[in-house]
Participant: 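Pasting a structure here, questions to come.
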There are 2 protein chains.
Amino acid sequence: MVEGLRPEQLRTYFALMESVSLLHHAVEQQLQEEGGLRYVQFQLLARLTDAGGPLTMTELADGVVYSRSGLTHQAGLLAKAGLVTRGPSPDDQRATLVTITDTGSALVARVMPGHVDVARDLLFAPLSEQDLHALDDIIGRVRDHMRARPPRSAAPRKRRTAQPTAGTDE
Amino acid sequence: MVEGLRPEQLRTYFALMESVSLLHHAVEQQLQEEGGLRYVQFQLLARLTDAGGPLTMTELADGVVYSRSGLTHQAGLLAKAGLVTRGPSPDDQRATLVTITDTGSALVARVMPGHVDVARDLLFAPLSEQDLHALDDIIGRVRDHMRARPPRSAAPRKRRTAQPTAGTDE
DNA sequence: TATTGTTATACTCTATAACTATA
DNA sequence: TATAGTTATAGAGTATAACAATA
């Protein structure tokens with residue numbers, strides 16, 4: 001069943017990717033300028049803020065980072081900057097509990113207004129109240145669906161083509 | 001007037017970012033496995049396909065890459081892989097015309113089905129026909145709006161504040 | 001044995017600045 | 001002078017694999 005997408009769907013898909021790419025780029029810039037943060041780092045801080053307490057590395061990673069080592073790296077940067085602290089977990093000796101510091105919270109607070117500005121100017125500006133509801137509903141469902149999906153196949157096989165592979169199948 | 005976003009908007013924004021991040025990641029994987037391509041490279045090839053003829057570097061860059069050198073790099077990789085060729089433009093001696101090769105077209109064709117599969121399974125699966133129309137309409141408007149936006153301030157100045165990578169020496 | 005995390009390493013993308021050549 | 005591209009280079013993110021410690 002290699003049913004393709006209809007033209008409308010393909011168009012929607014590309015428009016979505018491009019939009020978010022532009023949005024992401026703008027946001028990345030705003031965060032960098034106003035807080036010296038990458039979006040990934042902002043996400044981690046935001047998640048910690050949202051949780052209202054410490055999180056383990058694993059909990060922190062979910063949906064934000066796609067490799068353990070990547071998270072370790074980012075958490076290390078945040079810790080070095082004094083935005084979070086890391087310590088052992090009383091429940092599970094293997095786990096590392098990450099806690100946002102006051103400095104971290106302050107930074108999030110300082111960066112938030114500008115961040116929200118970008119989102120409003122770029123994303124919400126051209127949308128009506130009705131659009132907003134529709135988008136919220138739709139994208140919410142999409143995200144839930146994607147979260148449920150296992151990371152696309154259990155890596156059936158690996159192909160290591162460093163450069164774009166040309167031509168026919170090998 | 002630093003009016004923040006309403007909770008619903010903030011939620012929508014984050015859901016959108018997360019969804020596309022997941023989608024992007026999946027797509028990146030599919031393209032890598034089946035064609036040894038990055039999404040950026042796929043985009044460039046797709047754009048060339050769509051144009052139906054050669055494009056200048058500048059035309060090619062639009063919306064895909066955010067720096068000239070980045071495009072030069074990617075185009076170089078594509079050329080080295082034999083997916084595109086580059087040559088001088090008859091109209092403007094400064095310009096470089098990029099043309100997709102048959103190999104390039106073949107690769108796009110080979111990768112497309114799987115690519116579309118990912119989009120369908122992850123993005124469109126949970127959407128009704130009505131959702132699709134709504135999303136297409138909304139996201140289309142958003143993209144047009146964003147394209148119109150100048151790249152968020154003409155880089156008035158560069159500031160590095162409280163970056164997690166700096167400050168405390170190691 | 002399976003998890004939680006870290007480390008070490010290697011690869012790649014990205015961006016800035018300097019430079020060439022055309023318009 | 002402004003624009004089109006390239007080059008060189010530096011900086012950062014990410015992932016894989018190997019490893020340590022705990023469940």
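The basis for the numbers below is simple: all heavy atoms, side chains too, and nothing from hydrogens, waters or symmetry mates. Chain A is the first sequence line, chain B the second, and so forth, proteins listed ahead of strands; every chain is numbered from 1.
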Participant: Taking CG from A:Leu78 and P from C:dT6, how many angstroms apart are they, rounded to a whole number?
Facilitator: 12 Å
Participant: Does D:dT14 have its OP1 or OP2 closer than 4.0 Å to a side-chain nitrogen or oxygen of A:Gln74?
Facilitator: yes
Participant: Walk along nucleotides 4-10 of chain D from 5' to 3' and tag each nucleotide B, S or - by protein heavy-atom contact under 4.0 Å, base first, then sugar-phosphate.
Facilitator: SBBBB--
Participant: Quick one: A:His24 NE2 to C:dC13 C1', roughly how many Å, whole number?
Facilitator: 13 Å
Participant: Side chains of B:Ser105 and B:Asp102: any donor to acceptor distance under 3.5 Å?
Facilitator: no
Participant: Using distance alone, with no hydrogens and no angle criterion, decide if B:Glu34 and B:His115 have a side-chain donor and acceptor under 3.5 Å apart.
Facilitator: no
Participant: Would you mind reading off the distance between A:Asp91 atom CG and D:dT22 atom C1', rounded to a whole angstrom?
Facilitator: 14 Å
Participant: Counting C-beta onward and ignoring hydrogens, is there a side-chain heavy-atom pair between B:Met17 and A:Leu23 closer than 4.5 Å?
Facilitator: yes
Participant: Between atom CD in A:Gln32 and atom P in C:dT14, what is the gap in whole Å?
Facilitator: 16 Å
Participant: Does B:Arg38 reach the side chain of B:Leu77, with side-chain heavy atoms less than 4.5 Å apart?
Facilitator: no
Participant: Determine the minimum heavy-atom distance between A:Leu48 and A:Val98, stating which atoms define it.
Facilitator: CD2-O, 3.5 Å
Participant: Would you call the rings of B:Tyr13 and A:Tyr39 parallel, tilted or perpendicular if under 30° counts as parallel and over 60° as perpendicular?
Facilitator: perpendicular
Participant: Roughly, in whole Å, what's the span from CG in A:Asp62 to C1' in C:dT4?
Facilitator: 15 Å
Participant: Take atom CG of B:Leu77 and atom P of C:dC11, then tell me their distance rounded to the nearest Å.
Facilitator: 14 Å
Participant: Over how many whole Å does the gap from A:Gln29 atom CD to C:dT14 atom C1' extend?
Facilitator: 13 Å
Participant: Is there a side-chain polar atom (N or O) of B:His25 under 4.0 Å from OP1 or OP2 of D:dA15?
Facilitator: yes
Participant: In whole angstroms, how far is the C1' atom of C:dT20 from the CD atom of B:Gln93?
Facilitator: 14 Å
